[in-house]
Amino acid sequence: QPSCTKHSVTANPFLGCCCCRVVFGFRSTVRDNLHYTDDGSYLYPAGHNVVIVSPDGKSHKFVSGSPECEGITAIMLSPNKKLLAVAERAEKAVISVYDMQTLKRRKQLLAADVGSKVESA
């Protein structure tokens with residue numbers, strides 16, 4: 001899976017953390033894996049992130065997957081393009097809903113009784 005390398009991560013001395021600047025790759029196994037927003041940006045899954053690329057291609061925003069999840073299985077943009085739903089594989093199914101303006105999680109839906117992890121036979 002794609003991930004940030006030391007060359008594409010910058011440390012922010014004010015926040016004391018690393019921020020991802022570039023993610024390479026594309027997850028073709030994710031359902032509905034390419035969406036366009038009203039402003040001409042497009043979004044797609046790469047690794048454990050959803051990447052939002054500006055219309056000119058010069059800036060990227062990232063929606064990172066939940067730490068306890070193993071990968072993104074589907075993404076969906078609402079018809080009015082204000083909400084993004086990200087389904088993730090884990091022991092218990094997780095769907096996170098994000099506000100497209102702020103990219104903050106608005107809701108997390110958990111399925112306690114239905115696992116979304118594929119078990120090998």
Pairwise distance CG(Leu110) to CD1(Ile95) - rounded to 0.5 angstrom: 9.5 Å

Non-hydrogen side-chain atoms of Phe62 and Val51 separated by less than 4.5 Å: yes

Distance, nearest 0.5 Å, that separates NE2 of His35 from OG of Ser78: 10.0 Å

4.5 Å side-chain heavy-atom contact, Val53 and Leu43: no

CG-NE2 distance between Asn49 and His60, expressed to the nearest 0.5 angstrom: 11.5 Å

Check: Gln101 main-chain N/O paired with Asp99 side-chain donor or acceptor under 3.5 Å: yes

Close side-chain approach of Asn33 to Tyr44, heavy-atom, < 4.5 Å: no

Chi angles and distances behind the side-chain contact (heavy atoms from CB on, under 4.5 Å) call for Ile72, Val50: CA-CA 9 Å; Ile72 296 172; Val50 175; 3.9 Å; yes

Asp38 side, atom CG; Ser41 side, atom OG - distance, nearest 0.5 Å: 10.0 Å

Side chain Gln108, main chain Val94, donor-acceptor under 3.5 Å: no

Thr102 (side chain) donor-acceptor with Lys104 (main chain) under 3.5 angstrom: yes

Minimal non-hydrogen separation, Gly40 against Pro55, with atom names: C-CG, 3.7 Å

Close side-chain approach of Met100 and Leu77, heavy atoms under 4.5 Å: yes

Neighbour count above 12 (heavy atom, 6.0 Å) for Lys107 NZ: no

Glu91 vs Glu68 side-chain heavy atoms within contact, under 4.5 Å: no

Full working for side-chain contact (heavy atoms from CB on, under 4.5 Å) between Tyr42 and Leu34: CA-CA 7 Å; Tyr42 59 94; Leu34 181 64; 4.0 Å; yes

Donor-acceptor pair, side chain of His48 and main chain of Ser66, under 3.5 angstrom: yes

Distance, nearest 0.5 Å, that separates CD1 of Ile75 from OG of Ser96: 13.0 Å

Side-chain (Thr73) to main-chain (Arg89) donor-acceptor, under 3.5 angstrom: no

Residue from Leu103, Leu83, Val63 passing side-chain contact (heavy atoms from CB on, under 4.5 Å) with Tyr98: Val63

